[in-house]
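What follows is one structure encoded as structure tokens, with my remarks underneath.
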Amino acid sequence: MSDTKVSQPSNLSRRSLLKAGLAAGAVAGSAGAARAAGDPLITEIQDWNRYLGEGVQARPYGTPSEFEAGVVRRDVEWLTASTESSINFTPLHELDGIITPNGLCFERHHGGIAEINPADHRLMINGLVDTPLVFTMEDLKRFPRENRVYFLECAANSGMEWRGSQLNGCQFTHGMVHCVMYTGVPLKLILEEAGIKTSAKWVMPEGADASAMTRSIPMDKALDDCLVAFKMNGEALRPEQGYPLRLVVPGWEGNMWVKWLRRIEVGDEPWHQREETSKYTDLLETGKARRFTWVMDPKSVVTSPSPQAPVTHGKGPLVISGVAWSGNGRITRVDVSIDGGRNWKTARLDGPSLSKALHRFYLDIDWDGSDLLIQSRAMDENGYYQPTKNELRAARGENSIYHNNGIQTWHVKADGTVENVEVS
Amino acid sequence: MSKFLKVLSLGVSLAALPVLTGAVVAGDADKGAKVFKKCAACHAVGDNAKNKVGPQLNEVFGRTAGTLEGYKYSKAMISAGDGGLVWDDASLTTYLEKPKAMIKGTKMAFAGLKKEEDLENVIAYLATFSSTAPAEKEEQSAAEPEAVEAAVQTAAASATPSPVSATREGGGLGRAATEDEVAAWDIDIRPDGQGLPAGSGTVADGEVLYTDNCAVCHGDFGEGVGRWPVLAGGHDTLTDERPEKTIGSYWPYLSTVYDYVRRAMPYGNARSLSDDDVYAITAYLLYLNDVVDDEEFELSNENFVEIRLPNEENFIADDRPEEEHYATKGDPCMSDCKADAVEITMRARILDVTPGSVDDDDASGLGGVD
């Protein structure tokens, strides 16, 4: 396993690390008996097998192996004017299963990362309620809480690909998505604590950061499955994910999951804030623009092989792996094609199948070494299946920016390298 | 004597004068790092710092004003440098206290640091990135325990008296919000005018405010600098290959402009404008977008909702479920789904703008996240 990873051409630093390690091992080994036949990593005693390693508490907060140093979020500098209002991408090609590690969840900020002492944080509920309330973090932890696994996808994920293939790597084409387990209080309980007036139809969460992010959310959704969350994957939210408090809006576009959540206003009309008028509205070919396009439609991508995760082992057994998700609920099926969409096989879903969470799929094939055009197509429990990019462009034009859930094609060449392409 | 030196000699306080003789920097660099957050939207400093809206600030001490290669300075800054302005403790102190007072015409929109300690600390912080900067005072280390003690005392004094968690009468959690608290945070405006504060501002006032606070990123006429948002123009471009989505061409409601400017602008110095300032800037943005054409036009809470933006009618509800690919639910094709052999029609490498690719240095792709 580590062999294939280390020999990835995209990962030079790792390879050179390994080389250095081999050289050191060889020197140590030559001091002993004559070389035995076979892999010196087996026939010679290695340093890590002879000498003691670091003890407990050497790493009080554990970090990944130094050999995983290339597994990081990356950004695309030309996308935005400044890093404080910008985005980076989850390294999907390096991950497996359905849970994204906290330190690899993509970041999207509009005014940088707010650094807030939880003792100084407040959540206010105001507007059309019986009693406007203020909660401390400790107050919130006295409500009954829930644990739920959800994906979060930015509406602009794959937005750079509307006009055609542009970026080589699923990290860049599909990496504005992550999936973690949240611990939090149902928003319904908090709203009911303040008493919702009968005229109330909308809520508006607001962030405490320098962008004071705001979005309008219909009351039905607020009372359905939204959470006010303070933990992700069991530990406190990361600062870049809204520490100490964020809103969870399952299945709906990431911008609505307001981070550093400090206020929820209740009202009878939407507010038409900047991020739901000038941004996060989908311009169609006609010049009309859709607004309040909240749900993230079914989507999938093959994460390996992919441009950053080429095939390094030649023909023979090949694991095609990827992720699928839908804001409509569970993924019921993922089909994979290796001939550019002419013929499809249903892939194997493995791991938990949870509503509005990432699903992991595999198709295990015997590769004959010829060119492949790999695609995946997700289907959700609402009966929607993932459209092609051409179908989306026919319906919407090329200027929608948001909600591009079209089928992705990777061209795997005979040498194992992979390119982002579009096909007829 | 050049103009700026006159200003400098007038502006530098007696207390700062000894510094001119070249000894030490008085501030606390760690505290300065926090103050620098006010600057970080426009300036980078440290490893690999690049020019942003403003020039990068490595080695700023000893640098002649307006001379960093690759940064486009204002004429005013270049002529200050020609006049002999070199950045040091004293000149930075004067400049950062009130940039426009020292260099009229500087591009820097920042109003200035009011607190003397903020000035000292941020300059001490910048000094740590300049090899020619004078070292921090030696007494600094001796003074430190005192400072720490003072800080601890301050923290203790300002510690919130409210309980960590409250239970209301009758058993509910939390506590009632006061009217002042709600007023402090609830500043949102709706298209019907709900939330508008009393106040007013004219196009002419707005032009001055806009030039000082907004033009550095959005351009003198709302045309946008670099990748910063374009605010004006773009009429009738929404069906073009490259639509220009501005307040005048795209935004449906004026209330969004007021709300957003008041809550989040200027970028990196939010909530620094008065309600009247925001009315004036909003009025000026209407003028830049040809929605009003009179420089004497005054926007106020009285006439606000009468103003309609041209594109309001072009927003529609989400009708994705009616798109053919979603409307036809059911089993998709599994075999021989395409009549002809599949051909590659587009490749990423034609325009390889992937980070780390061979020639991505100046490459810039299509589309973007904004």
Side-chain angles (χ1 to χ4, degrees), chain A residues 74 76 78-82 84 87 124 126 131-136 138-139 142 156 159-160 162-169 172 193 210-212 263 269 271-272 274 277-278 283 287-293 340-344 373 383-385 387 391 395 399 419-424, chain B residues 41 52 164-166 172-177 181-182 185-186 188 190-191 226-228 238-239 243 245 250-253 256 259-260 263-264 270 314-316 318 320 323 325-326 329 332 334-338 342-349 351-355 364-370:
Chain A
R74 289 189 170 82
V76 175
W78 54 258
L79 272 179
T80 52
S82 87
E84 295 81 11
I87 190 132
M124 178 187 290
N126 76 302
T131 316
L133 292 177
V134 172
F135 299 106
T136 62
E138 293 306 313
D139 292 335
R142 294 169 67 194
M160 297 85 81
W162 270 105
R163 290 165 187 273
S165 337
Q166 189 166 260
L167 293 159
N168 255 328
F172 303 111
E193 191 76 18
S211 77
R263 188 170 72 94
E269 297 277 344
W271 285 261
H272 295 283
R274 179 191 186 245
T277 53
S278 77
L283 180 59
K288 299 274 180 189
R290 287 180 179 141
R291 70 174 142 214
F292 298 149
T293 48
R342 288 194 80 192
N343 298 286
W344 297 85
L373 291 168
Y384 284 2
Y385 55 86
E391 284 173 327
N399 284 318
E419 190 183 6
N420 175 8
V421 299
E422 288 208 21
V423 293
S424 57
Chain B
K52 298 167 76 178
V164 178
S165 177
L173 289 168
R175 63 167 177 81
E181 286 173 337
V182 172
W185 277 4
D186 184 352
D188 38 82
R190 288 197 325 202
R227 283 195 168 257
W228 296 98
L238 295 183
T239 55
K245 296 195 279 188
Y250 191 67
W251 295 37
Y253 303 113
T256 313
D259 177 283
Y260 183 70
R263 75 171 52 245
N314 284 321
F315 284 82
I316 58 172
D318 183 3
R320 283 176 292 168
E323 291 177 346
H325 43 263
Y326 291 139
K329 295 180 180 183
M334 291 300 283
S335 56
D336 296 324
C337 305
K338 294 180 180 179
V342 175
E343 281 174 21
I344 292 172
T345 55
M346 232 179 293
R347 293 176 181 277
R349 70 153 183 248
L351 175 71
D352 200 341
V353 287
T354 314
S364 154
L366 302 168
V369 182
D370 47 8

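So you know, we letter chains A, B, ... as the sequences are listed, proteins then strands, and number each from 1.
- Interface remark: B/Glu323 contributes side-chain atoms only to the contact with chain A (heavy atom separation under 4.5 Å).
- With B/Ser335 contributing its side chain and A/Asn343 its backbone, the two residues share no donor-acceptor pair below 3.5 Å.
- Only the side chain of B/Tyr253 comes within less than 4.5 Å of a heavy atom in chain A; its backbone stays farther off.
- Both the backbone and the side chain of B/Ala176 have a heavy atom closer than 4.5 Å to some heavy atom of chain A.
- In this structure, the portion of A/Leu373 lying under 4.5 Å from any heavy atom of chain B is its side chain and not its backbone.
- B/Arg263 contributes a side-chain N or O that, together with a main-chain N or O of A/Ala212, makes up a donor-acceptor pair within less than 3.5 Å.
- Proximity to chain B (any heavy atom under 4.5 Å) is shown, for A/Arg74, by neither the backbone nor the side chain.
- The ring of A/His272 has its center no closer than 6.0 angstrom to the ring center of B/Phe315.
- Heavy-atom pairs under 4.5 Å with chain B peak, among A/Asn399, A/Val421, A/Val134, at A/Val134.
- With respect to chain B, the highest number of heavy-atom pairs below 4.5 Å among A/Ser278, A/Gly383, A/Gly287, A/Gly169 belongs to A/Ser278.
- Panel note: side chain B/Asp259, backbone B/Thr256; no donor-acceptor pair is recorded below 3.5 Å.
- Using a 4.5 Å cut-off between heavy atoms, B/Tyr326 touches chain A through backbone and side chain atoms alike.
- A donor-acceptor pair shorter than 3.5 Å can be found between the side chains of A/Arg263 and A/Asn126.
- Contacts between A/Ala210 and chain B at a heavy-atom distance below 4.5 Å involve the backbone alone (N, CA, C, O).
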Side chain to side chain donor-acceptor pair (under 3.5 Å) assessment of B/Ser165 paired with A/Arg142: CA-CA 9 Å; B/Ser165 177; A/Arg142 294 169 67 194; 2.7 Å; yes
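- Only the side chain of A/Thr131 comes within less than 4.5 Å of a heavy atom in chain B; its backbone stays farther off.
- Between the side chain of A/Glu193 and the backbone N or O of B/Leu173, at least one donor-acceptor pair lies under 3.5 Å.
- Side chain to side chain, A/Glu138 and A/Thr136 fail the donor-acceptor criterion of an N or O pair below 3.5 Å.
- Residue with the most contacts toward chain B among A/Met124, A/Lys288, A/Glu422, A/Glu391: A/Glu422 (heavy-atom pairs, distance under 4.5 Å).
- Under a 3.5 Å cut-off, the side chain of B/Lys245 and the backbone N or O of A/Leu283 do not form any donor-acceptor pair.
- For A/Phe172, the part lying near chain B is the side chain, with the backbone staying farther off; criterion is any non-hydrogen pair under 4.5 Å.
- Looking only at heavy-atom pairs under 4.5 Å with chain A, the residue among B/Gly172, B/Gly174, B/Ala264 that has the most is B/Gly174.
- Both the backbone and the side chain of B/Trp228 come within contact range of chain A, each with at least one heavy atom under 4.5 Å from a heavy atom of that chain.
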